[in-house]
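Below is one structure, written out as structure tokens; the observations come after it.
These figures come from a predicted structure and were not determined experimentally. Letters A, B, ... are given to chains in the order of the sequence lines, protein chains preceding strands, and every chain is numbered from 1.
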Number of protein chains: 4
Amino acid sequence: MIEFKNSKGIFQQIGDNICDRILSGSLAVGDKVPSVREQAATLGVNHNTIMRTYSELQRDEIITNKRGIGYFVAKEAPSMIREKRRAEFFELSLPEIIKQVELLEIKKSDVTELLNKLNDNENK
Amino acid sequence: MIEFKNSKGIFQQIGDNICDRILSGSLAVGDKVPSVREQAATLGVNHNTIMRTYSELQRDEIITNKRGIGYFVAKEAPSMIREKRRAEFFELSLPEIIKQVELLEIKKSDVTELLNKLNDNENK
Amino acid sequence: MIEFKNSKGIFQQIGDNICDRILSGSLAVGDKVPSVREQAATLGVNHNTIMRTYSELQRDEIITNKRGIGYFVAKEAPSMIREKRRAEFFELSLPEIIKQVELLEIKKSDVTELLNKLNDNENK
Amino acid sequence: MIEFKNSKGIFQQIGDNICDRILSGSLAVGDKVPSVREQAATLGVNHNTIMRTYSELQRDEIITNKRGIGYFVAKEAPSMIREKRRAEFFELSLPEIIKQVELLEIKKSDVTELLNKLNDNENK
DNA sequence: GTGGTCTAGACCACC
DNA sequence: GTGGTCTAGACCACA
């Protein structure tokens, strides 16, 4: 799950992963996130790396810290993450995709084919 | 045009830029690309940086080298670039987009709206 | 061991040397290779030179990189090296030898004499 | 015939080629070698490059210069070239090949197969 | 501590 | 003039 040779930092990949789980509901508001040591052991990573991940998530008010007990998913976490990501999506990701499709003369059908899968999801 | 504080390295941005120019036809197959030191002076960067750019472009068979003369746009450069970028698109960009659309519950209409512009391009 | 006036670049000789050590087993799969700067200090060369060596070895999938930790001998390294060198042998070295033997009218016996030593190896 | 991206200099490749032709008899002792300008035009190379080739061949007493007339294959050229190349062959090329065959565990049959072609040549 | 990038400047071989 | 390699030293991000 962790790509050691990715362009993003490992601490960031882990943070993204936690955000993903919060969005998908696999980590609900108020849930305790794995402890630093536990998380480090699970992922086979230095605990300093996890510390940085949690520190930044806390700074972004996505998790909160109760001293001596652990970190917990903040009340507003899902909406904050969704807000932030939507902004990134519409301002960065999507325009880039559009540009690529035009420049590379990619067939619309190749893209819509994959989008149709999403239609099914919306009907769920 | 070159962003010095981008996440991508300068040498890579310069390479991307050259690829763009090849795709757009501003640099045609067989054309001589600016000499290493000339390019360095033009862009205000070190010649080693350009060397790295050119070396990687040569490795990807986008430019070729004639000893003592310079670098030239390779015969298969446009197709190589297109192929490389398409691979990146379908393997990296698009899956990421799909994932985001699902996770953020973005409306299909918001995406298709932008795709419709591409229909126009196909009719050209 | 490193020849500074050789036709091959220093960075390449160092790479060849590492490959030799992998083939001979002195560097085993999964082993950490010396850190860039440590290696540089050991060999008395610049760290950029080692960076180039390691980058190319990584590109050839002979070593892999774990961010912030170091470089490690890749799983498929020995077979990759053997494959690469065999290709070089049959495509470059051997044809050159054949050409010389023909052109110089060298006696077959002079060559087979040395090849017979190899018979012994095969019987091992 | 000329590889622009070879490790050997172009001037050297051209010289090697001329030596090859002298060995094979395609250029006989006393023959006039192509003029600098003619050779340059034929190979699509700068005439300075040819000048360097001829200068070095002259220095090695493989060709001689008659001012205003041209360059000619020297009397002792074939034997000199053969001598030089044989030395290189037995001291450099062959030992390297032997080393490779052992290290890469290349089958003897793969090598002898190609050597057998030489037997046929010897019978000519 | 690790790698990664860039600069500045030097030196070389080749065309 | 061209590319190519190496050094020395700096700065940064990441673990």
Side-chain angles (χ1 to χ4, degrees), chain A residues 2 4-14 40 43-53 56, chain B residues 2 4-14 32-40 43-55 58 63-72, chain C residues 2 4-14 32-40 43-55 58 63-72, chain D residues 2 4-14 40 43-53 56:
Chain A
I2 304 295
F4 275 94
K5 37 189 171 180
N6 197 316
S7 57
K8 282 186 183 177
I10 291 179
F11 77 95
Q12 217 167 40
Q13 295 177 54
I14 297 170
L43 301 178
V45 165
N46 192 295
H47 62 272
N48 288 322
T49 305
I50 305 297
M51 264 312 299
R52 180 161 179 188
T53 301
E56 303 220 347
Chain B
I2 305 294
F4 278 88
K5 296 179 182 177
N6 198 319
S7 58
K8 284 185 183 177
I10 294 177
F11 74 94
Q12 218 168 44
Q13 295 177 53
I14 296 172
K32 182 179 185 302
V33 305
S35 82
V36 172
R37 282 162 170 81
E38 180 189 348
Q39 184 78 282
L43 299 178
V45 300
N46 190 276
H47 64 267
N48 287 321
T49 305
I50 303 296
M51 260 312 299
R52 180 161 181 189
T53 301
Y54 284 9
S55 296
Q58 183 180 21
I63 61 179
T64 61
N65 180 20
K66 295 187 185 178
R67 293 188 47 152
I69 304 183
Y71 284 92
F72 298 81
Chain C
I2 305 291
F4 277 91
K5 294 178 181 177
N6 198 318
S7 58
K8 284 186 183 177
I10 295 177
F11 73 95
Q12 219 167 43
Q13 294 178 54
I14 297 172
K32 182 179 184 304
V33 305
S35 82
V36 173
R37 282 163 171 79
E38 180 188 347
Q39 184 78 282
L43 300 178
V45 302
N46 190 276
H47 63 267
N48 286 322
T49 304
I50 304 296
M51 260 312 299
R52 182 162 180 189
T53 300
Y54 284 10
S55 296
Q58 182 180 24
I63 60 180
T64 61
N65 179 20
K66 294 188 185 180
R67 294 187 47 152
I69 303 184
Y71 284 92
F72 298 81
Chain D
I2 305 293
F4 274 96
K5 35 187 170 178
N6 200 314
S7 58
K8 282 186 183 176
I10 291 178
F11 77 96
Q12 217 167 40
Q13 294 178 54
I14 297 170
L43 300 178
V45 165
N46 193 295
H47 63 273
N48 288 321
T49 305
I50 305 296
M51 265 311 299
R52 180 161 180 190
T53 300
E56 304 221 345

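Spacing between atom CG of B/Asn65 and atom C1' of F/dG1 amounts to 14 Å, rounded to whole angstrom units. Straight-line distance from the CD1 atom of B/Ile14 to the P atom of E/dT5: 13 Å, rounded to whole Å. Distance NZ (A/Lys5) to C1' (E/dT2): 18 Å, rounded to an integer number of Å. Rounded to a whole Å, the CD atom of D/Glu56 is 13 Å from the C1' atom of E/dC15. Counting to the nearest Å, the P atom of F/dC6 and the NE2 atom of C/His47 are 14 Å from each other. One can place CG of C/Leu43 at 14 Å from C1' of F/dC6, the figure rounded to the nearest angstrom. Going from atom NZ of C/Lys66 over to atom P of E/dG4 covers 15 Å, rounded to whole Å. Distance OH (B/Tyr71) to P (E/dC14): 16 Å, rounded to an integer number of Å.
Of the candidates E/dA8, F/dA10, E/dG3, E/dA8 carries the atom nearest the B/Asn46 side chain, counting heavy atoms from C-beta on. Comparing atom distances between the C/Arg67 side chain and each of E/dT5, F/dA15, F/dG3 picks out F/dA15 as nearest. In the set E/dA10, F/dC14, E/dT7, the nucleotide with an atom closest to the side chain of B/Thr49 is E/dT7. Between F/dA10, F/dC6, F/dG4, one nucleotide has an atom nearer to the side chain of C/Ile10 than all others, and that is F/dC6. Nearest nucleotide to the side chain of B/Asn48, out of F/dT5, E/dC15, E/dG3: F/dT5. Each of E/dG4, E/dT7, F/dA15 was ranked by its minimum atom distance to the side chain of B/Val45; first place goes to E/dT7.
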Subject >> Check against side-chain contact (heavy atoms from CB on, under 4.5 Å), C/Asn65 and A/Lys5 >> reply: CA-CA 6 Å; C/Asn65 179 20; A/Lys5 37 189 171 180; 5.5 Å; no
**OP:** Step by step, work out the side-chain contact (heavy atoms from CB on, under 4.5 Å) result for D/Ile10 and D/Leu43.
**Re:** CA-CA 10 Å; D/Ile10 291 178; D/Leu43 300 178; over 6 Å; no
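Panel note: side chain D/Thr53, backbone D/Phe11; a donor-acceptor pair is recorded below 3.5 Å. A donor-acceptor pair is defined here as one N or O able to donate and one able to accept, closer than 3.5 Å; such a pair exists between the side chain of B/Arg67 and the backbone of D/Ser7.
Comparing B/Pro34 and C/Gln13, the nucleotide of DNA chain F nearest to each residue sits closer to the 5' end for B/Pro34. Heavy-atom distances to DNA chain E give each of B/Lys8 and C/Lys32 a nearest nucleotide, and the one nearer the 5′ end belongs to C/Lys32. Each of C/Gly44 and B/Gly68 has a nearest nucleotide on DNA chain F; the 5'-most of these lies closest to B/Gly68.
At the heavy-atom level, C/Phe11 lies under 4.0 Å from the strands shown only through sugar-phosphate atoms. B/Arg52 comes within 4.0 angstrom of sugar-phosphate atoms only, judged by non-hydrogen atoms across all strands, and of no base.
F/dC14 and E/dG1 make up a base pair, with Watson-Crick or G-U wobble contacts both under 3.5 Å.
Applying the 6.0 Å contact sphere to NZ of C/Lys8 captures no more than 12 heavy atoms from other residues, nucleotides or ligands.
The minimum heavy-atom distance between C/Ile69 and C/Lys32, with the atom names listed, is O-CE, 3.4 Å.
Between the side chain of B/Arg37 and the base of F/dG3, at least one donor-acceptor pair of N or O atoms lies under 3.5 Å.
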